[in-house]
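Working notes, structure below.
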Amino acid sequence: MKKSFVLFFLGISVGLVSCGVKSASERASALSGENGEMSAPSDRVLVRNYFPVVVNNISQTKVERAKFPIIDMHSHDYVEKAGDLENWVKVMDEVGVEHTAIMHCSWIGRPFEEVVEAYAPYKDRFRLWCCFDYTDIDTPEGLANSLKTLERYHDMGAVGVGELGDKGEGDLYARPVEGKGIHIDDPRVKPLLDKCAELKMPVSIHIGEPIWMYLPMDETNDGLPNAAVWHVDTTNCMGYYGLVNTFENAVRDNPNTLFIACHYLNMNDDLPRLGAMLDKYPNMYVDIAARVAESAHTPRATREFLIKYQDRVLFGTDNGMDESMYQNIFRVLETNDEHFYVPEYNYHWALSGFNLPDEVLKKIYHDNAERILKEYK
């Protein structure tokens, strides 16, 4: 019996050695490919092909429907074919979205008049926003026409202006004429912003991109997988911090106009600065659209920010019409889940939920937007 036990123990020991830690020479041999080149998995797997699978036995929550009714303050005209609009409304009903803002811009959507017609069957479920028209803006006649167009769009149902978009070359989201070289603090825009204040039309603007898109595209870039796709070349255009300054100038110089900075003002890397701007300018709000990944990899800092500025934050999606798209956002805002991945966000980092208090969720999901839409209509 004793001899058998010893043999059994030795068998286990041999087994452990055979699949245990390799010697230095064995490791070197395993890592060397042809011509002695290193061939470890970490040397062979490209960053773009890195899709880790979570192995932790931790909470994995699917939030089918938002905890409170939602007003989505940032979406677009994603409808392309018959049935899309009806299906979108069904999805909104399933996930708890009362109504959605359809942002108008040059790169997605039809002329405003066509958008009005297309969404007419569900006009109680969608709020339409319009562009600025920069046609001949340098002439008195052109400016007068731009102001008249803004009033006409307002009369047709536009509740606000947006999404304006400036990534360095001016408001290129505008239609029918891009605002090449026209930044939000440009004197030519001032009469339009004054008209927005008069008509009670908030202005929603996309400024720049997340900071990773401006950093060197090398091994030091924390957001490289996504940054490489959206890299901004500032050789011949304004850089990130210059754009933020143009936005702050406009907010400061137009205190009667309400501004909504899309995507956390693309300042998820510097929430203290973003908070300081909110402290300073009561006519400024932020939306959280399309920045789940950029915010949920710093869950404690972002949670603190959202709680502190709970009266100034608006819910937005900006990522299509799919049910799962909404549910990914709900999971981040509502749950305490940690270390999970959403591959379509195209980052290497894991995300965690904010587990926001109910009173904060209710404001971000609905009440802040409702207050704006009632006051500015």
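Note that this is a predicted model, so its numbers are computed, not measured.
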Angle class for the W349/H297 ring planes (parallel below 30°, perpendicular above 60°, tilted otherwise)? parallel
Side-chain heavy atoms of L224 within contact of M217, under 4.5 Å: yes
Note: D171 and G165 closest approach over all heavy atoms is OD1-N, 3.0 Å
Of the non-hydrogen atoms in L150 and C130, which two are nearest, and what is the gap between them? CD1-SG, 3.9 Å
Flag for N268-S295: side-chain donor and acceptor within less than 3.5 Å: no
Between E94 and R65, is there a side-chain N and carboxylate O pair less than 4.0 Å apart? no
Using every non-hydrogen atom in the two residues, find where G316 and I329 come nearest and quote the distance to one decimal. O-CD1, 4.2 Å
Apply side-chain hydrogen bond (donor to acceptor under 3.5 Å, both in side chains) to E113 and list each qualifying residue two or more places apart in sequence or on a separate chain. R152
Would you say N266's side chain and I207's backbone share a donor-acceptor pair under 3.5 angstrom? yes
Checking the side chain of D269 only, and the main-chain atoms of I211 only, is there a donor and an acceptor separated by less than 3.5 Å? no
Given side chains that start at C-beta, do those of Y365 and L333 come closer than 4.5 Å, heavy atoms only? yes
Hey, does the side chain of H104 reach the backbone of R110 with a donor-acceptor pair shorter than 3.5 angstrom? yes
Regarding D84 and K81, does a basic nitrogen lie under 4.0 Å from an acidic carboxylate oxygen? yes
Distance-only polar pair, side chains of N319 and Y326, donor-acceptor under 3.5 Å: no
Under 4.5 Å between any side-chain heavy atoms of D194 and N254, yes or no? yes
For the side chain of H154 and the backbone of M156, is there at least one donor-acceptor N/O pair under 3.5 Å apart? no
Determine yes or no for a side-chain-to-main-chain donor-acceptor pair under 3.5 angstrom, with R312 supplying the side chain and L306 the backbone. no
Please identify which of these residues, K167, H74, E163, meets the side-chain hydrogen bond (donor to acceptor under 3.5 Å, both in side chains) condition with H206. E163
Hey, mind stepping through E198 and K195 against salt bridge (charged side-chain N to carboxylate O under 4.0 Å, His left out) and telling me if it holds? CA-CA 5 Å; E198 177 188 328; K195 180 61 69 172; 3.3 Å; yes
Looking only at heavy atoms, the pair that brings C237 and E169 closest together is CB-CG, 3.7 Å
Under the ring-ring contact (aromatic ring centres under 6.0 Å, His included) criterion, do F126 and W88 qualify, and how do the steps go? CA-CA 11 Å; F126 296 93; W88 191 1; 5.2 Å; yes
Of all the heavy-atom pairs spanning V54 and Q60, show the shortest one and how long it is. CG1-NE2, 4.3 Å
Between H339 and A350, is there a donor-acceptor pair closer than 3.5 Å when you use the side chain of the first and the backbone of the second? no
Using the test side chain to side chain contact (heavy atoms under 4.5 Å, CB included), find all partners of N283 that sit at least two apart in sequence or belong to another chain. V251, F259, Y281
Under a plain distance cut-off of 3.5 Å, with no hydrogens placed, do D77 and Y119 share a side-chain donor-acceptor pair? yes
Is the shortest distance from a Lys or Arg side-chain nitrogen in R125 or D93 to a carboxylate oxygen in the other one below 4.0 Å? yes
Would you say the ring centers of W107 and H76 fall short of 6.0 Å from each other? yes
Is the distance from the ring center of F68 to that of H366 below 6.0 Å? no
How are the rings of Y240 and Y214 set relative to one another: parallel (under 30°), tilted (30 to 60°) or perpendicular (over 60°)? tilted
Identify whether NZ of Lys or CZ of Arg in R331 sits under 6.0 Å from the centre of the six-membered ring of F340 and within 45° of that ring's axis. yes
Salt bridge check, K308 against E304: does any charged N sit closer than 4.0 Å to a carboxylate O? no
With a 4.0 Å cut-off, would you call D358 and K362 a salt bridge? no
Does E209 come within less than 4.0 Å of R291, counting only side-chain N to carboxylate O? yes
